[in-house]
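In what follows, a structure is listed as structure tokens, so that the remarks can point back to it.
Chain identifiers are assigned alphabetically (A, B, ...) following the order of the sequence lines, protein sequences preceding nucleic acid strands; residue numbering begins at 1 within each chain. Computation of the quantities below employed the complete heavy-atom set of this structure, encompassing side-chain atoms and omitting hydrogens, waters and symmetry-equivalent molecules.
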There are 2 protein chains.
Amino acid sequence: MMEQNKIPQATAKRLPLYYRFINNLNHQGKKRVSSKELSDAVKVDSATIRRDFSYFGALGKKGYGYNVEYLLEFFRKTLDQDETTEVALIGVGNLGTAFLHYNFMKNNNIAIKMAFDSNPEKVGTMVSDVPVYHIEELEDRLGDIKVAILTIPGSEAQPMADHLVNRGVEGILNFTPARITVPKHIRVHHIDLAVELQALVYFLKHYPLITEDEEEEVPMD
Amino acid sequence: MMEQNKIPQATAKRLPLYYRFINNLNHQGKKRVSSKELSDAVKVDSATIRRDFSYFGALGKKGYGYNVEYLLEFFRKTLDQDETTEVALIGVGNLGTAFLHYNFMKNNNIAIKMAFDSNPEKVGTMVSDVPVYHIEELEDRLGDIKVAILTIPGSEAQPMADHLVNRGVEGILNFTPARITVPKHIRVHHIDLAVELQALVYFLKHYPLITEDEEEEVPMD
DNA sequence: ATATAATTGTGAACTAAGTCACGACTTATT
DNA sequence: AATAAGTCGTGACTTAGTTCACAATTATAT
């Protein structure tokens, strides 16, 4: 479980990104890749990429770069791509539906196993092969799913989070504007669309723009 | 434009969050608030909140806390809540539609002015009072909009970004999995749903869980 | 009045993340 | 074989962000 827990969180967040691009390269039949090439593709400084990889040991060869197949195999294991992670989606609105249509299996080996909604028109339907149950059924249907995506109105976020935690959920991806309170052993990631948009607007208005012919790089989030 | 550009990016990203909660407090008729109370609500350490506020000067009073009305007024100005920011949305799929239904005016004074799609069934309709135009019309319709939300398939992200930049867009909120390349003076924020989900799964599996009776805090996001 | 409790603002310390720059090694070239 | 070019891994440094902890101030209670 915590074999290599020295990996910085910032690094861990980049791993899925690396994985996806290495996967692409592999499909393109590429055999080797340098940190510089990867850097151009994922827009992360090449030294940062080398540092990130180095937390897992010496994955590359000096003067050569990284072997794509080896890297892919390594990250597949590291990211637990062997066992599919099942998640539940709570709230089949537009945002929830967007998730249901997204194919997380291809690159991430994550499957949305079921969805819940309170709207009787949606209950009983299938969206992208995912069954939609009534929220009342959560108790019975959830099984041992440990991860939930919350795409419901903010006002319902806290009670729903409480319910999920009681039911054994350990990780919540919260798309509601509400900042939910959970026991310490539960992990919550907030993605707040309004905050993201407003932050972008704020940066645009308040941070110096760098004109095209200057050398400096703009940090890309 | 860059009056107070000493504000750390991490702080800037929290401002919209603070603003929203202070707004809520104001609606509830609350007159004063402490950094501790705010901390409980937004799940940010109270010292961090005080530090964040302090970049803007002494907004509070020792032994008292912060005056809600004053704080709200201050942040309204700071976040440019006076002039509405107009944005365009590219791609009226489920995710795009979710954005169109979101009311950014209420707390953020941001308005999605128009949307674009290539699907003739959608072109010409209104979604939440926002007109949907054909992508071909972008040239003529965009006007002087500076911010775009990209909710299209990844394969179309780069050409569309190029197009937007040519048309004068300076900020892009990119929801596609593609990491787009833009001139240095353009700001791009990536929100990659698959990465977010997989990162959550990774943290759950690899980071030590803290049991309920231990003291330590788990970093939240 | 006086004492007690609450709370800010911030210097200093700490922690996390990012970048530089170079020795060591690999591959390609002549 | 020798040289040149390419590339990693990493120690040292830099930058960014967070948290501690406390003097100063304000509010509240007695």
Side-chain angles (χ1 to χ4, degrees), chain A residues 4-15 17-18 22 25 30-68 70-71 74 199 203 206-208 215-221, chain B residues 4-15 17-18 22 25 30-68 70-71 74 199 203 206-208 215-221:
Chain A
Q4 6 97 138
N5 64 24
K6 296 291 158 36
I7 286 124
Q9 301 219 0
T11 297
K13 277 206 162 183
R14 283 187 290 263
L15 296 182
L17 190 60
Y18 296 149
I22 296 163
L25 291 177
K30 226 155 169 307
K31 291 297 172 205
R32 59 183 269 195
V33 64
S34 70
S35 59
K36 182 67 179 54
E37 286 174 277
L38 222 37
S39 171
D40 291 341
V42 301
K43 317 289 181 207
V44 171
D45 185 274
S46 67
T48 300
I49 292 177
R50 293 200 301 281
R51 171 80 60 199
D52 282 346
F53 286 6
S54 78
Y55 292 117
F56 301 98
L59 303 180
K61 265 199 259 182
K62 297 178 181 193
Y64 172 87
Y66 301 91
N67 179 292
V68 171
Y70 178 80
L71 219 47
F74 182 85
F203 283 134
H206 293 273
Y207 281 72
E215 278 306 289
E216 244 177 296
E217 252 305 335
V218 176
M220 179 95 86
D221 187 324
Chain B
Q4 5 98 136
N5 65 23
K6 295 291 157 35
I7 286 125
Q9 301 219 0
T11 297
K13 277 208 161 182
R14 284 187 290 263
L15 296 182
L17 190 60
Y18 295 150
I22 296 162
L25 291 177
K30 225 155 170 307
K31 290 298 173 205
R32 60 182 270 194
V33 64
S34 70
S35 60
K36 182 66 179 55
E37 285 174 278
L38 221 37
S39 170
D40 291 341
V42 300
K43 317 290 181 204
V44 171
D45 185 275
S46 67
T48 299
I49 292 177
R50 293 200 301 281
R51 172 81 59 198
D52 283 346
F53 286 7
S54 78
Y55 292 118
F56 301 97
L59 304 180
K61 264 198 260 184
K62 297 178 182 195
Y64 172 87
Y66 301 90
N67 179 293
V68 171
Y70 178 80
L71 219 47
F74 182 85
F203 283 133
H206 294 273
Y207 280 72
E215 278 305 290
E216 244 177 298
E217 251 306 336
V218 176
M220 179 93 86
D221 186 345

Is there a side chain to side chain contact (heavy atoms under 4.5 Å, CB included) between B/V44 and B/R14? Walk through the geometry before answering. CA-CA 9 Å; B/V44 171; B/R14 284 187 290 263; 4.0 Å; yes
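- The shortest side-chain heavy-atom distance between A/I22 and A/V68 falls under the 4.5 Å cut-off.
- With sequence neighbours left out, the side chain to side chain contact (heavy atoms under 4.5 Å, CB included) criterion links B/K62 to no other residue.
- The bend of the helix from C/dA1-D/dT30 to C/dT30-D/dA1, defined by the angle between the axes of its first five and last five pairs, stands at 10° to the nearest 10°.
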Between protein and nucleotides 7-10 of chain D, what N or O pairs are separated by less than 3.5 Å?
residue : atom : partner : partner atom : Å
D/dT7   : O2   : A/G63   : N            : 2.8
D/dC8   : OP1  : A/S35   : N            : 2.7
D/dC8   : OP2  : A/S35   : OG           : 2.6
D/dG9   : OP1  : A/L59   : N            : 3.1
D/dG9   : OP1  : A/G60   : N            : 2.7
D/dG9   : OP1  : A/G60   : O            : 3.2
D/dG9   : OP2  : A/Y66   : OH           : 2.8
D/dG9   : N7   : A/R50   : NE           : 3.0
D/dG9   : O6   : A/R50   : NH2          : 3.2

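- The side chain to side chain contact (heavy atoms under 4.5 Å, CB included) search around B/S54 returns B/R51, not counting sequence neighbours.
- With sequence neighbours excluded, the residues that form a side-chain hydrogen bond (donor to acceptor under 3.5 Å, both in side chains) with B/T11 are B/D52.
- Residue B/T48 places none of its side-chain N or O atoms closer than 4.0 Å to OP1 or OP2 of D/dT18.
- Annotation: ring pair (Phe, Tyr, Trp, His ring centres under 6.0 Å) contacts of A/F53 (sequence neighbours excluded): A/Y18, A/Y66, A/F75.
- By the 4.5 Å heavy-atom criterion applied to side chains, A/S39 and A/I49 are counted as neighbours.
- Heavy-atom contacts of chain B under 4.0 Å fall on DNA chain C between two terminal nucleotides, which in 5' to 3' order are C/dA6 to C/dA12.
- Applying the side chain to side chain contact (heavy atoms under 4.5 Å, CB included) criterion to A/A47, with sequence neighbours excluded, gives A/D45, A/R50.
- Atom pair B/D52:CG and D/dA16:P shows a separation of 16 Å (rounding to whole Å applied).
- Rounded to whole angstrom, the span from the CZ atom of B/R14 across to the C1' atom of D/dA16 amounts to 11 Å.
- Every side chain to side chain contact (heavy atoms under 4.5 Å, CB included) that A/S34 has, sequence neighbours left out, goes to A/K36, A/E37.
- Considering every non-hydrogen atom in both A/N67 and A/Y64, the closest pair reads N-CE2, 4.1 Å.
- One atom, NZ of B/K43, and another, P of D/dT18, lie 18 Å apart when rounded to the nearest Å.
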